[in-house]
2 protein chains.
Amino acid sequence: MKERFLKTMHALTELPLAQEEKLLKLIRTTSVARGEHFIREGQVPRQFGFIGKGLFRYYYVDYNGNEFTKGFFPEGTFLSSYSAMIQNRPSYFNIEALEPSEIITIDFQQWKSLSAEHPCWNTFLVAILEKAFTKKENREREFLLFDAETRYRSFLEEYPDLSQRVKQHMIASYLGITPVALSRVRRKMGVTHTT
Amino acid sequence: MKERFLKTMHALTELPLAQEEKLLKLIRTTSVARGEHFIREGQVPRQFGFIGKGLFRYYYVDYNGNEFTKGFFPEGTFLSSYSAMIQNRPSYFNIEALEPSEIITIDFQQWKSLSAEHPCWNTFLVAILEKAFTKKENREREFLLFDAETRYRSFLEEYPDLSQRVKQHMIASYLGITPVALSRVRRKMGVTHTT
DNA sequence: CTATGCCGTTAACATAGGTTAATGACATTA
DNA sequence: TAATGTCATTAACCTATGTTAACGGCATAG
């Protein structure tokens with residue numbers, strides 16, 4: 001897992017060896033059972049993570065108790081309620097493991113101290129934030145321009161494996177529709193149900 | 001305008017005087033007429049801007065020619081098709097002045113050279129990107145959780161002055177609905193039309 | 001002043017998607 | 001095996017929003 005983590009880091013920025021070693025001293029590894037939460041709505045995040053193995057989803061719950069999936073995060077991606085963490089306020093959403101997962105965690109305060117030490121960390125942050133921003137921008141575009149069927153096709157293209165790993169009602173909640181509506185879209189598209 | 005620009009920069013990061021002076025050598029000021037475009041879909045952005053006075057909107061056009069407003073940007077904010085600019089690819093959306101405006105422009109290549117010189121520029125970028133990300137995240141949340149009326153109320157809260165400065169069909173296209181639907185929502189809310 | 005065009009409203013109708021409930025497939029547990 | 005629970009599908013009905021078209025107010029050009 002550490003290797004995958006370092007590979008991902010290196011792809012995002014150049015890391016001086018001394019800095020890399022300091023970072024490695026901050027990491028902890030944990031297992032997360034399926035259904036377990038990395039963060040719950042209302043909690044102030046004190047750490048962020050990196051997924052070595054497994055799958056997570058971020059989701060909101062509305063005033064009626066309905067769940068809306070903000071995103072899916074598979075192995076090789078970072079894990080955090082970022083806005084809440086940097087503003088030191090409660091998270092608006094939940095992060096839940098959809099599969100038994102192995103993750104790395106890093107304490108945010110320790111990370112902040114480290115990142116103040118060397119400019120490479122800001123380069124890293126810029127790279128991460130640019131990626132995240134571009135992704136959100138694209139999602140905004142799809143909500144503005146596309147109907148449910150087109151958003152579903154786009155989801156299938158972007159995450160070809162997830163339609164096998166994730167329950168349909170969660171995909172529906174990611175698309176902003178009900179499971180019933182997704183089922184209708186699938187029938188219209190000629191997709192057939194496989195368990 | 002230069003003063004406002006510097007004030008905004010200082011609010012985002014600490015600028016060594018030498019760096020500030022170099023930045024000021026890069027800026028150009030321009031007037032943009034109402035209806036004129038800062039960037040058009042399909043163009044590769046070569047510069048970004050800062051709005052000293054006026055108002056802009058970012059908008060997509062779909063395959064049917066319908067316009068969808070991505071966002072409104074008033075004085076004191078930055079102006080760019082950021083994802084396209086950093087990836088050196090054509091912009092997916094247009095940026096248009098809704099009012100006669102005064103802006104500062106900065107050439108992206110020159111900015112890149114400057115920003116490589118000193119870590120303060122990455123700190124600045126991180127601050128900007130965190131803001132932009134948080135804003136997009138919030139918009140995603142509203143599309144997922146809220147119906148059109150709730151999104152309209154939220155728009156009115158976030159941009160109290162814009163309902164006076166912006167035509168309703170543009171507000172509708174920002175909310176992801178038609179002008180007809182917005183008019184219905186307004187009637188239901190008891191809002192009365194003032195020109 | 002008059003003609004024109006743009007905009008917001010309204011109405012009538014069409015459609016996508018929400019809601020509820022029933023059903024069958026499958027997996028889990030007693 | 002039987003009982004239970006979860007999930008995707010389907011149907012019937014409902015509601016929000018899209019589409020088209022008519023209308024009136026207002027600004028602007030002539």
Side-chain angles (χ1 to χ4, degrees), chain A residues 33-35 55 57 59-69 72 96 98-100 142-156 162-195, chain B residues 33-35 55 57 59-69 72 96 98-100 142-156 162-195:
Chain A
R34 178 189 167 128
L55 178 63
R57 71 162 174 149
Y59 68 99
Y60 294 104
V61 180
D62 76 5
Y63 57 98
N64 288 319
N66 301 311
E67 298 182 356
F68 293 87
T69 299
F72 298 106
E96 174 198 17
L98 297 181
E99 299 175 355
E142 300 199 345
F143 273 120
L144 269 179
L145 266 54
F146 297 164
D147 62 10
E149 178 178 341
T150 312
R151 294 205 299 279
Y152 181 53
R153 288 182 189 279
S154 165
F155 165 83
L156 292 176
L162 286 198
S163 63
Q164 302 312 313
R165 293 167 77 181
V166 168
K167 296 264 153 58
Q168 266 179 229
H169 70 265
M170 288 185 185
I171 298 175
S173 82
Y174 174 76
L175 301 175
I177 58 178
T178 60
V180 177
L182 177 56
S183 185
R184 277 192 290 237
V185 164
R186 286 163 52 84
R187 178 166 45 148
K188 194 178 148 219
M189 289 171 59
V191 183
T192 153
H193 179 212
T194 57
T195 302
Chain B
R34 180 190 166 128
L55 177 64
R57 71 162 176 151
Y59 68 99
Y60 294 104
V61 180
D62 76 5
Y63 57 98
N64 287 319
N66 301 312
E67 298 182 355
F68 292 87
T69 299
F72 296 106
E96 174 196 17
L98 299 181
E99 298 174 357
E142 300 199 346
F143 274 120
L144 269 178
L145 266 54
F146 297 163
D147 62 10
E149 177 177 340
T150 312
R151 294 206 299 280
Y152 181 52
R153 290 181 188 279
S154 166
F155 165 83
L156 292 176
L162 286 197
S163 62
Q164 302 312 313
R165 293 168 75 182
V166 169
K167 297 262 154 59
Q168 265 178 228
H169 71 265
M170 288 184 184
I171 298 175
S173 83
Y174 174 76
L175 300 174
I177 58 178
T178 60
V180 176
L182 178 55
S183 184
R184 276 192 292 237
V185 164
R186 285 163 53 84
R187 179 165 45 146
K188 195 178 146 219
M189 288 171 61
V191 183
T192 154
H193 178 214
T194 57
T195 300

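Naming: A, B, ... by sequence-line order, numbering from 1 per chain. Heavy-atom basis, side chains included; hydrogens, waters and symmetry copies ignored.
- At the phosphate of D:dT17, neither OP1 nor OP2 sits under 4.0 Å from any side-chain N or O atom of B:Thr178.
- Note: CD (B:Glu149) to P (C:dG18) measures 18 Å, nearest angstrom.
- One can place CD of A:Gln168 at 13 Å from C1' of D:dT6, the figure rounded to the nearest angstrom.
- Contact detail for B:Leu175 and B:Leu182: the closest heavy-atom pair is CD1-CD1, 4.0 Å.
- Atom CG of B:Leu182 is separated from atom P of C:dT10 by 12 Å (rounded to the nearest Å).
- Between the CG atom of B:Leu175 and the P atom of D:dG18 there is a distance of 10 Å, rounded to whole Å.
- Proximity note for A:Lys167 (side chain, C-beta onward) versus C:dC7, C:dT10, D:dC7: the nearest is D:dC7.
- The OH-P distance, from B:Tyr152 to D:dA16, rounds to 18 Å in whole Å.
- In terms of modelled atom types and a separation under 3.5 Å, the side chain of A:Asn64 and the main chain of A:Asn66 share no donor-acceptor contact.
- Separation of atoms CZ (B:Arg34) and CG (B:Leu55) is listed at 10.0 Å; rounding is to 0.5 Å.
- We find that CZ of B:Arg151 is positioned 11 Å from C1' of D:dA16, with the value rounded to whole Å.
- If A:Gly176 and B:Pro179 are placed on DNA chain C by their nearest nucleotide, the residue sitting closer to the 5' end is B:Pro179.
- Going from atom CZ of A:Arg34 over to atom C1' of D:dT6 covers 11 Å, rounded to whole Å.
- The nucleotide whose nearest atom lies closest to any side-chain atom of A:His169 is, among C:dG17, D:dT19, D:dA8, D:dA8.
- Remark: the backbone N or O of B:Ser173 is not paired with any side-chain donor or acceptor of B:Thr69 at under 3.5 angstrom.
- Across every non-hydrogen atom of A:Ile177 and A:Ala148, the tightest pair is CG2-CB, 3.8 Å.
- Contact annotation: A:Arg186 side-chain N/O to D:dT9 OP1/OP2 distance is under 4.0 Å.
- In terms of polar N and O atoms assigned as donor or acceptor, the side chain of B:Arg184 never comes within less than 3.5 Å of the base of C:dG8 in a complementary pairing.
- Between C:dT10, D:dC7, C:dG18, one nucleotide has an atom nearer to the side chain of B:Arg187 than all others, and that is C:dT10.
- Between the NZ atom of B:Lys188 and the P atom of D:dT15 there is a distance of 12 Å, given to the nearest Å.
- Among the nucleotides D:dT19, C:dT19, D:dG18, the one closest to the side chain of B:Ile177 is D:dG18.
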